[in-house]
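Per chain, numbering begins at 1; letters A, B, ... match sequence-line order. Since we're looking at a predicted model, the values are computed, not measured.
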Amino acid sequence: MYAQMVKSAGTGVKSREEMTEQERAFQDKIDADIKIEPKDWMPDDYRATLIRQIGQHAHSEIVGQLPEGNWITRAPTLERKAILLAKVQDEAGHGLYLYCAAETLGVSRDEITEMLLDGRMKYSSIFNYPTLNWADIGAVGWLVDGAAIMNQVPLQRTSFGPYSRAMIRICKEESFHQRQGYDAIRKMAEGTPEQRKMAQDAMNRLWYPSLMMFGPSDKESVHSAQSMAWKIKINTNDELRQKFVDQTVPQAEYLGLSIPDPDLKWNEERGHYDYTDPDWSEFFDVIKGNGPCNVDRLAARNKAWDDGGWVRDGLLAHARKKRTRNLAAE
Amino acid sequence: MNNEWPLWEIFIRGQHGMSHRHVGSLHAPDAEMAIKNARDVYTRRNEGVSIWVVEANNISASSPSDKGPLYEPSESKVYRHPTFFDIPDEVGAM
Amino acid sequence: MTRDEAFLQFLLRMGDNSLILGHRVSEWCGHAPVLEEDIALANTALDLIGQTQMWLGFAGEIDGGKSADDLAFLRDAWDFRNVLLVEVPNGDFGRTLMRQFLFDAWHSIMLGRLMKSSDERVAAIAAKASKEVTYHLERSGDTVVGLGDGTEESHARMQDALNYLWPYVGEMFASDDVDAEIAKAGIAPNPADLRAEYDELIGRVLTEATLIIPESRFAHKGGRDGWMHTEHLGHLLTQMQWLQRAYPGATW
């Protein structure tokens with residue numbers, strides 16, 4: 001889940017009586033699972049909320065390149081290096097698809113990028129945590145991408161056409177990510193004592209930040225209710241988090257890794273695992289900019305953007321000259 | 001002057017004999033680079049054999065209110081769709 | 001020098017070039033000027049890593065049954081046989097792309113000849129690599145032209161890049177006993193014989209890019225025979241080989 005705490009614009013779900021005729025027709029389409037396309041009429045609040053959500057999702061993909069990219073030059077074999085590089089490249093691709101989806105709503109790539117760079121828009125809290133040993137790369141694929149997929153699979157059915165199509169493409173590629181992550185950490189868990197230690201260390205540090213990816217409980221949130229009515233959010237945060245825990249516990253057991261939660265246990269009655277919530281005060285600190293890597297992550301993105309200015313300008317200037325020359329030659 | 005690279009819509013023919021299909025968009029300074037970028041972005045998993053690029057602002061689209069007259073006539077001709085016809089199982093795949 | 005010794009050196013030269021350049025290009029991942037370039041650079045790096053696996057895999061078989069990973073991660077700098085050009089730091093995007101272009105041009109000509117190698121496996125590896133490198137060259141060439149003929153700033157940066165990298169170009173065409181032995185066996189051309197075609201190719205592109213090729217033909221050397229690498233290679237290996245060195249015997 002790369003979109004956390006996206007505030008929906010507006011004042012919450014309107015009753016049918018409160019809606020204008022246009023709004024009613026719009027909601028009827030959504031209820032009938034008819035996709036909204038860029039040129040269709042849509043409420044301003046729907047558009048604004050989607051831009052926020054898709055933007056945050058896209059930014060997360062882009063900033064998410066950094067913690068994993070941190071290990072590309074240190075990958076321990078040629079094959080692992082190629083797999084990791086292909087994976088991080090996919091993240092860039094996913095960011096690109098999502099920025100394009102956002103563009104259909106009237107915000108250009110450069111505009112939305114600037115909003116990331118100057119801090120007006122957020123990205124997922126998870127990418128403000130460091131990757132400290134090689135097993136982190138496995139853990140990120142397995143846990144972080146695993147958590148992301150929980151949210152992305154249902155979002156393939158989201159109401160906005162371009163967003164839905166981007167998610168379909170992304171999900172197709174994303175299953176490779178989780179599998180390669182599990183494969184990488186499995187190698188570590190089954191390896192030397194030092195490798196096992198790395199795997200457990202990664203688990204210890206990344207478990208709770210992974211649970212935070214779903215955001216705080218939103219059962220009573222008016223924003224969530226509106227987003228769900230618009231079908232740009234399909235499940236509540238708690239539903240997805242529970243699903244993630246239920247899926248991950250047996251996978252961790254298979255690896256012989258312990259989950260850093262002494263109270264984690266199967267609840268026969270609920271048919272789910274009981275687990276400890278992450279420390280939400282830490283989460284809000286990270287969101288506010290006080291995570292271990294916030295400053296470095298944003299600085300790295302700003303540097304790439306600033307350093308690249310002359311390249312973007314140069315190639316565009318050449319394209320314009322070429323066009324002028326071609327016109328003159330005709 | 002706005003120095004943002006233009007947006008291009010990308011169409012890819014995935015297999016010989018198929019028509020080009022819209023796969024997404026990207027930014028590029030000109031058509032040549034758009035084709036190259038499309039190759040790098042949209043055929044990372046060998047998805048394409050032929051690429052078309054069109055600058056997004058050169059695309060004219062029907063407006064949603066035209067939807068009735070433009071599309072309804074063909075919608076009524078359900079016989080144009082193969083699934084309209086019930087083929088007995090014994091006949092095999094067709 | 002026996003033919004087998006020369007053959008091993010030749011394979012290491014091909015493999016180390018793609019290994020070290022692939023590593024350098026991969027350093028860009030997540031930091032390129034625009035998403036489309038980020039993705040394209042990663043593709044180039046991926047191709048080069050794949051080629052490394054083929055060349056070093058072959059070299060390892062000859063070298064007493066080592067794996068490509070053994071060769072990549074467990075040799076020290078003096079055993080590396082890549083040209084100096086590929087190990088110099090990336091610098092700005094312009095220098096990275098200029099280096100890519102200067103190497104791609106050599107690489108594509110070399111692979112074209114290797115496709116006719118008397119050694120079938122060399123010919124097969126070259127055939128696969130050649131398809132990839134043809135595209136690398138097209139892309140790096142276009143970018144060099146675009147930036148050379150772009151703005152005043154991009155032009156100046158590209159000319160700086162060319163000036164900086166030019167002294168590293170000559171080493172790609174140096175010939176020694178290894179090359180003579182390999183050429184005699186019909187395995188690979190003598191690199192010196194590729195220079196005219198190379199000059200013609202880069203001359204055309206750099207002219208279109210409105211860039212001026214420095215007149216000096218001075219060439220640094222020491223990479224392809226391992227006699228004297230740059231200081232940069234050691235740092236690159238320190239990163240690349242760290243896990244394998246710190247945890248010997250582990251599998252990843």
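- No more than 12 heavy atoms of other residues, nucleotides or ligands shown are found within 6.0 angstrom of CH2 on B:Trp52.
- For C:Glu61, the CD atom is densely surrounded, since the number of other residues' heavy atoms within 6.0 Å is greater than 12.
- Crowding of C:His235 atom NE2: a count of heavy atoms from other residues, nucleotides or ligands under 6.0 Å not exceeding 12.
- Residue B:Asn37 is tested with C:Glu37, C:Glu36, C:Arg139 for a side-chain hydrogen bond (donor to acceptor under 3.5 Å, both in side chains); the sole match is C:Arg139.
- Here the straight-line distance linking atom OG1 of C:Thr44 with atom CG of B:Asp40 works out to 6.5 Å at 0.5 Å rounding.
- The number of heavy atoms from other shown groups lying within 6.0 Å of CG (C:Leu74) is above 12.
- For the residue pair C:Ile39 and B:Val41, the shortest heavy atom distance occurs at CD1-CG2, 3.9 Å.
- Within the 4.5 Å cutoff, the side chain of C:Asp142 has heavy atoms near those of the B:Lys36 side chain.
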